[in-house]
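One structure below.
Quantities reported herein were computed from a predicted structural model and do not represent experimental measurements.
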Amino acid sequence: MYADNLINGTSMPDRTVCLTFDDGPGETAVPGPGPRTTDLAEYLSAQGVPATFFMVGKYASDLPGAMSEVESLGHLVANHTYDHPNVEQFNGLGGDVVGQVSRTDALIRNWIDAPVSLFRPPYGAWSPAVARVLNANLTASLSHVGPIGWDIDGGDWACWHDGKDPAFCLQQYLNAVDAAGRGIILMHDATADMDVVKRQNRTFELVQLLVPELKRRGYGFQRLDDVPEIAARIRTTIRCALKGDNGLYVSPQLGGGGQILVNGPTVGAWEPLVVHDLFVGKVAIQAVTGHYVSPQGGGGGDVRADGPSVGTWEPLDLISLGNNRVAFRSITGHFLAYDAGAGGALRAIDWLSLQPRNIFTYEVLP
């Protein structure tokens with residue numbers, strides 16, 4: 001889920017920092033300045049320093065090898081939108097913010113070495129309105145944590161824009177680190193919006209100066225998913241209630257273990273559900289008793305809350321329709337639906353058909 005405000009590292013231990021890099025991946029074939037994502041990842045790994053690389057989808061699509069290399073070296077691959085827009089402005093103009101996240105997710109998903117996908121908005125531009133749009137799409141919000149901000153910025157991209165050398169930029173970062181004493185450091189392994197700055201990028205050289213000096217000064221390094229504020233959000237599961245087109249809630253009877261009826265007038269003891277992200281586009285739904293929602297025989301008939309674990313029948317295709325609306329499809333291709341003719345039972349009976357009775361509204365619960 002997405003918070004209304006940027007998530008920073010203010011509760012990190014004293015003299016502990018976390019290195020993060022935006023706008024890549026990028027590679028440069030000749031010696032000299034330019035983006036060097038894999039060189040940077042290799043150097044940091046050799047130094048025992050974990051980092052997070054917030055990748056722009058359109059560049060990641062051209063360099064899939066960089067993603068696998070970064071992940072294999074123990075670093076995190078994270079989401080930085082597909083086109084690098086200011087998402088606050090983009091959303092205000094009616095842009096597809098969900099698409100900016102989901103298109104990049106599709107590219108980086110196989111190389112995310114974390115329980116969730118971490119998201120940082122370009123420029124740190126954010127608003128509660130953007131959070132609401134993303135949280136209204138279950139695919140975009142499930143197993144996501146954001147928006148990730150930063151505490152320390154020495155302006156590396158501006159150094160390269162102005163033709164400054166890495167030693168000058170080093171001092172700016174050291175001053176900023178010492179002033180903060182701890183936190184998430186913002187750097188750039190490429191520059192998404194200005195090709196001239198991208199070609200002049202010297203962050204690889206800067207990091208080779210910065211890391212030894214920070215170690216000499218007694219600073220330790222932490223991976224982004226170990227930052228307390230972020231780790232706490234990673235452990236949080238999405239609890240929700242699902243409402244059918246009859247205006248009533250999906251209700252595993254007795255909280256699970258048997259029949260499911262779409263008859264709950266309110267969210268009571270039986271109605272809360274936990275949605276588990278399994279893999280791309282697949283989820284499992286768990287009732288309060290721990291039983292999983294299970295289309296019997298994989299689909300084509302009754303749906304019961306009696307799955308002891310996630311087996312063959314329990315994975316469901318998640319289809320997000322926006323505006324807090326979702327549909328679920330079983331492994332046989334049948335949509336989960338409210339069946340008025342069966343006393344309001346939840347059944348997996350509709351095939352190749354999206355209609356009101358198999359569209360549910362979800363409400364996120366505390």
Query raised in the report: Do Ile108 and Asn79 have side chains that get closer than 4.5 Å, going by heavy atoms?
Result: yes
Query - His161 NE2: over 12 foreign heavy atoms closer than 6.0 Å - result: no
Query raised in the report: Cationic tip of Arg103 within the cone over Tyr82's six-membered ring, i.e. under 6.0 Å and within 45° of the normal?
Result: yes
Query raised in the report: If we ignore angles and hydrogens, is there a donor and acceptor under 3.5 Å between the side chains of Asp105 and His144?
Result: yes
Query raised in the report: Does the pair Val197 and Asp195 meet the rule for a side-chain contact (heavy atoms from CB on, under 4.5 Å), with working shown?
Result: CA-CA 5 Å; Val197 178; Asp195 284 346; over 6 Å; no
Query - Salt bridge present between Arg182 and Asp14 (N-O < 4.0 angstrom) - result: yes
Could you go through residues 308-315 and list every donor-acceptor pair under 3.5 Å that involves a side-chain atom there, pairing it with any protein atom two or more places apart or in another chain?
from, atom 1, to, atom 2, distance (Å)
Glu314, OE1, Gly311, N, 2.7
Glu314, OE2, Ser294, OG, 2.8

Query - Short side-chain donor-acceptor distance under 3.5 Å, Asp350 and His334 - result: no
Query raised in the report: Which is it for Glu363 and Lys243 under the salt bridge (Lys or Arg N to Asp or Glu O under 4.0 Å) test, yes or no, and what are the steps along the way?
Result: CA-CA 8 Å; Glu363 301 173 9; Lys243 184 185 288 185; 3.7 Å; yes
Report task. Step by step, work out the ring pair (Phe, Tyr, Trp, His ring centres under 6.0 Å) result for Phe21 and His188. Result -> CA-CA 5 Å; Phe21 299 89; His188 297 79; 8.9 Å; no
**Report entry** Residue pair Trp160 / Thr203, side-chain donor-acceptor N/O under 3.5 Å
**Finding:** yes
Query raised in the report: Taking the six-membered ring of Tyr59 as reference, does the NZ or CZ atom of Lys198 fall below 6.0 Å from its centre and within a 45° cone about the axis?
Result: yes
Query raised in the report: Any ion pair linking Asp277 and Arg109 (charged N to carboxylate O, less than 4.0 Å)?
Result: yes
Query raised in the report: Can you find a pair of side-chain heavy atoms, one from Pro25 and one from Met55, that are under 4.5 Å apart?
Result: yes
Query - Glu42: partners by side-chain hydrogen bond (donor to acceptor under 3.5 Å, both in side chains), with sequence neighbours left out - result: none
Report task. Answer yes if the side chains of Tyr219 and Asp178 hold a donor-acceptor pair under 3.5 Å, and no otherwise. Result -> yes
Query raised in the report: Considering residues at least two apart in sequence or located in another chain, which fulfil the side chain to side chain contact (heavy atoms under 4.5 Å, CB included) criterion with Asp302?
Result: Gln296, Arg347
**Report entry** Qualifying residues under side-chain hydrogen bond (donor to acceptor under 3.5 Å, both in side chains), relative to Arg329, sequence neighbours excluded
**Finding:** Asp317
Query raised in the report: For Arg233, which residues count as a side-chain hydrogen bond (donor to acceptor under 3.5 Å, both in side chains) partner, sequence neighbours excluded?
Result: none
Query raised in the report: Got Met12 and Pro228 here, is their nearest side-chain heavy-atom distance under 4.5 Å?
Result: yes
Query raised in the report: With clusters built from Ile, Leu, Val, Met, Phe, Trp and Tyr whose side-chain heavy atoms come within less than 4.5 Å, directly or transitively, what are the remaining members of the cluster of Leu248, listed by chain and number?
Result: none
Query raised in the report: Any chance the side chains of Asn175 and Gln171 put a donor and an acceptor closer than 3.5 Å?
Result: yes
Report summary line: With sequence neighbours left out, the residues meeting side chain to side chain contact (heavy atoms under 4.5 Å, CB included) with Asp62 are none
Report task. For Asp153, check salt bridge (Lys or Arg N to Asp or Glu O under 4.0 Å) against everything at least two apart and list the hits. Result -> none
**Report entry** For Leu261 against Gly343, the heavy-atom pair lying closest together
**Finding:** CD2-O, 4.0 Å
Query - For Thr52, side-chain hydrogen bond (donor to acceptor under 3.5 Å, both in side chains) partners two or more places apart - result: none
**Report entry** Nearest heavy atoms of Val130 and Glu88, plus distance in Å
**Finding:** CG2-CA, 3.9 Å
Report task. May I ask you to check whether over 12 heavy atoms, not counting those of Lys58, lie within 6.0 Å of atom NZ? Result -> yes
Query - Residue Trp157 excluded, over 12 heavy atoms near CH2 under 6.0 Å - result: no
Query raised in the report: Linking Ile, Leu, Val, Met, Phe, Trp and Tyr through side-chain heavy atoms less than 4.5 Å apart, which residues share a cluster with Val30?
Result: none
**Report entry** Residues which pass side chain to side chain contact (heavy atoms under 4.5 Å, CB included) with Arg120, listed by chain and number, not counting sequence neighbours
**Finding:** Thr20, Asp22, Phe54, His80, Ile148, Trp150, Ile184, Leu186
Query raised in the report: Hey, what else clusters with Phe335 if you join Ile, Leu, Val, Met, Phe, Trp, Tyr whenever side-chain heavy atoms sit under 4.5 Å?
Result: Ile319, Leu321, Leu354, Ile359
Query raised in the report: So, Asp245 and Arg325, do they make that salt bridge, N to O below 4.0 Å?
Result: no
Query raised in the report: Taking atom types as modelled, is there a side-chain donor on Glu229 or Thr10 under 3.5 Å from an acceptor on the other?
Result: yes
Report task. Work out which heavy atom in Ser141 is nearest to a heavy atom in Ile238; give both atom names and the distance. Result -> O-CD1, 4.1 Å
Query raised in the report: With under 30° as parallel and over 60° as perpendicular, where do the rings of Phe119 and Tyr2 fit, or are they tilted in between?
Result: perpendicular
Query raised in the report: When the ring planes of Tyr43 and Phe204 are compared, do they come out parallel, tilted or perpendicular, using 30° and 60° as the limits?
Result: perpendicular
**Report entry** Pair Gln172-Lys164, side-chain donor/acceptor within less than 3.5 Å
**Finding:** no
